[in-house]
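These notes are about the structure you will find just below.
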Amino acid sequence: MSGTRTLDTYRLLGRSGLRVSPLSLGTMTFGADWGWGADRDEARKIFDTYVDRGGNFIDTASQYTDGTSERLLGEFTADNRESLVLGTKYTMLRRPGDPNSGGNHRKSMFASVEASLRRLNTDYIDLLYLHAWDFLTPVEEILRGMDDLVRSGKVLYVGISDAPAWQISRMQTIADLRGWSPLIALQIEYSLIERTVERDLVPMARELGLGVIPWSPLGSGVLTGKYGRADLGMRTEASAAGTRKNVAAASGALTERGLVIADVVKEVAAQLGRTPSQVAIAWTLHNPGVTSPIIGARTAAQLEDNLGALDIEFDTDQIDRLERATSVDLGFPHEFLARPLTRSVTFGDLKIEARV
C-alpha cells in the first residue's frame with residue numbers, strides 16, 4: 001500500500017508547478033549551537049548524501065541554531081543553488097527585547113527575509129513560510145507583504161506553518177479574490193503520535209491546494225524506540241537548546257501514550273524487517289494529502305536509515321494496526337456527520353460517490 005519511491009521521484013507542491021522530493025531535508029540539526037546538532041563537517045555529509053541521492057527540497061528557518069543552519073546552507077549550496085528548492089521561515093524573535101524583531105507583521109517579515117538572504121548567500125528564497133501564528137497581525141498585512149516579496153523577486157512562493165485552519169482558509173480565499181500570491185504549502189506537526197491535524201488542517205490543505213509538509217514525523221524521536229518508561233516524568237525546559245530528550249518531553253511526545261505507540265511501530269518494523277524510524281516516516285507518506293515529510297537527521301547514518309522509508313510497502317493489516325493504536329476523535333461536526341443516523345436522514349437510500 002505504498003509504492004517504491006526515490007528522492008528524484010518528484011512531486012508537485014500544492015497548486016504550483018514546483019517539483020520537490022518526497023522527503024524534505026530538515027536542517028534544524030545543522031549546527032551545534034543548541035547542544036544536540038551536527039557540527040559543520042557532519043552537516044556537510046548529511047547535505048551531500050541527500051543531494052547526491054537526488055533530493056532537492058531543503059527546509060530551514062531564520063532562527064534554527066541561532067542562524068547557523070542558514071549560514072551553513074549558504075556555504076553548502078554555493079555550487080548548486082539553482083537546482084535546489086530552499087524553504088525558510090520568518091516569525092521567531094531575532095533580538096530579545098525588541099518587540100518588532102519577531103512576529104508575523106510586515107516589518108518582521110521584511111527584516112527577517114533580508115537577514116535570511118544574507119545568511120543563505122542567495123538572491124532569492126524559493127519558499128517563504130510564516131513560521132507560527134502570532135494572533136496579532138491582520139491577515140491582509142501578512143498576505144500583502146508576502147505578495148510584495150514575490151513581486152520583488154526575493155521570494156518565489158509562500159506557505160504557512162503552525163496556524164489555525166480557519167485563518168489559513170480565510171487567507172487563501174482573500175489571496176484568490178485579490179489576485180495575491182496564494183499559499184502553496186502547509187507545514188504542520190504530523191506523526192503517528194500527533195494526528196489531530198486530520199480533523200481540519202489536512203483536509204483543508206487538500207481542498208485549498210496546499211501541499212502538506214509534516215515536521216517531526218518521528219514524534220521528536222520517540223517513534224525511533226530510543227526512549228523507555230524510565231525517561232518519563234523528566235523535568236523540562238521551554239527551550240530548543242539542551243538535549244533531544246528535553247525537546248521530546250517538552251513537546252508532549254515523550255508520554256506513556258507515545259511509548260505505547262512506539263511499541264506498535266517497533267512490532268510492525270520487526271515484521272517488515274525494517275527500522276521503526278522507516279516505518280513511522282513511511283506511514284506519513286501513506287496519506288495522499290502529504291507531499292514531503294521533513295527528516296531531520298543528526299548524522300549521515302541516520303539520514304541513510306530515514307531514506308529507507310521511501311521503499312516500504314505496508315499491507316492492509318499493518319496499516320490497520322498502526323492506525324488503531326493512534327486514532328484520535330475527530331470531534332464535532334466530523335463524528336456527527338459520519339453517524340449512520342445523520343447520513344440516513346440526509347441521503348436516505350441514495351448511493352453517491354464522493355469526489356476523489
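We're numbering straight along the sequence, starting at 1. A quick note: this is a predicted structure, and the numbers were derived from the prediction, not measured.
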Please tell me if the side chains of [X] and [Y] come closer than 4.5 Å, counting only heavy atoms from C-beta onward.
| X | Y | answer |
| --- | --- | --- |
| Ile142 | Trp133 | yes |
| Arg106 | Asp148 | yes |
| Val20 | Tyr10 | no |
| Ile184 | Leu127 | yes |

Establish, from distance only, whether the side-chain atoms of [X] and [Y] form a donor-acceptor pair under 3.5 Å.
| X | Y | value |
| --- | --- | --- |
| Arg170 | Gln167 | yes |
| Asn287 | Tyr190 | yes |
| Ser116 | Glu70 | yes |
| Thr27 | Ser69 | yes |
| Asp66 | Thr68 | no |
| Thr173 | Asp176 | no |

For the residue pair [X] and [Y], what are the closest heavy atoms and their distance?
| X | Y | result |
| --- | --- | --- |
| Tyr90 | Ser112 | CB-OG, 3.4 Å |
| Pro293 | Leu285 | CD-CD2, 3.5 Å |
| Glu198 | Trp283 | OE2-CH2, 3.7 Å |
| Gln278 | Ala309 | O-CB, 3.4 Å |
| Ser62 | Thr88 | N-OG1, 3.6 Å |
| Leu218 | Asn306 | CD1-OD1, 4.3 Å |

At what distance, to the nearest 0.5 angstrom, does CE of Met146 lie from CZ of Arg151? 14.5 Å
Set of residues satisfying side chain to side chain contact (heavy atoms under 4.5 Å, CB included) with respect to Ser191, sequence neighbours excluded: Ile193, Glu194, Leu223
Inspect the surroundings of CG in Asp123 and state if more than 12 heavy atoms from other residues, nucleotides or ligands are less than 6.0 Å away. no
Under 6.0 Å from the CZ atom of Arg19, do we count more than 12 heavy atoms belonging to anything else shown? no
For Glu75, is there an ion pair with Arg40 - N to carboxylate O distance below 4.0 angstrom? yes
Qualifying residues under salt bridge (charged side-chain N to carboxylate O under 4.0 Å, His left out), relative to Asp305, sequence neighbours excluded: none
For the residue pair His286 and Phe314, categorise the inter-ring angle as parallel (less than 30°), tilted (30 to 60°) or perpendicular (more than 60°). perpendicular
Results of side chain to side chain donor-acceptor pair (under 3.5 Å) for Thr255 - residues two or more places apart only: none
Applying side chain to side chain donor-acceptor pair (under 3.5 Å), can you list everything that pairs with Asp98, at least two apart in sequence or on another chain? Arg95
Mind listing the side-chain donor-acceptor pairs of residues 325-333 below 3.5 Å, one per line with the distance, residues two or more places apart or on another chain?
unit_1: Thr326; atom_1: OG1; unit_2: Arg195; atom_2: NH1; d: 2.8
unit_1: Thr326; atom_1: OG1; unit_2: Leu322; atom_2: O; d: 2.8
unit_1: Asp329; atom_1: OD1; unit_2: Gly331; atom_2: N; d: 2.8

Can you tell me which residue pairs pass the side-chain hydrogen bond (donor to acceptor under 3.5 Å, both in side chains) test with a partner in residues 334-347, sequence neighbours excluded? Asp200-His334
Check whether Tyr124 forms a cation-pi arrangement with Arg81 (NZ or CZ under 6.0 Å from the six-membered ring centre, at most 45° off the ring normal). yes
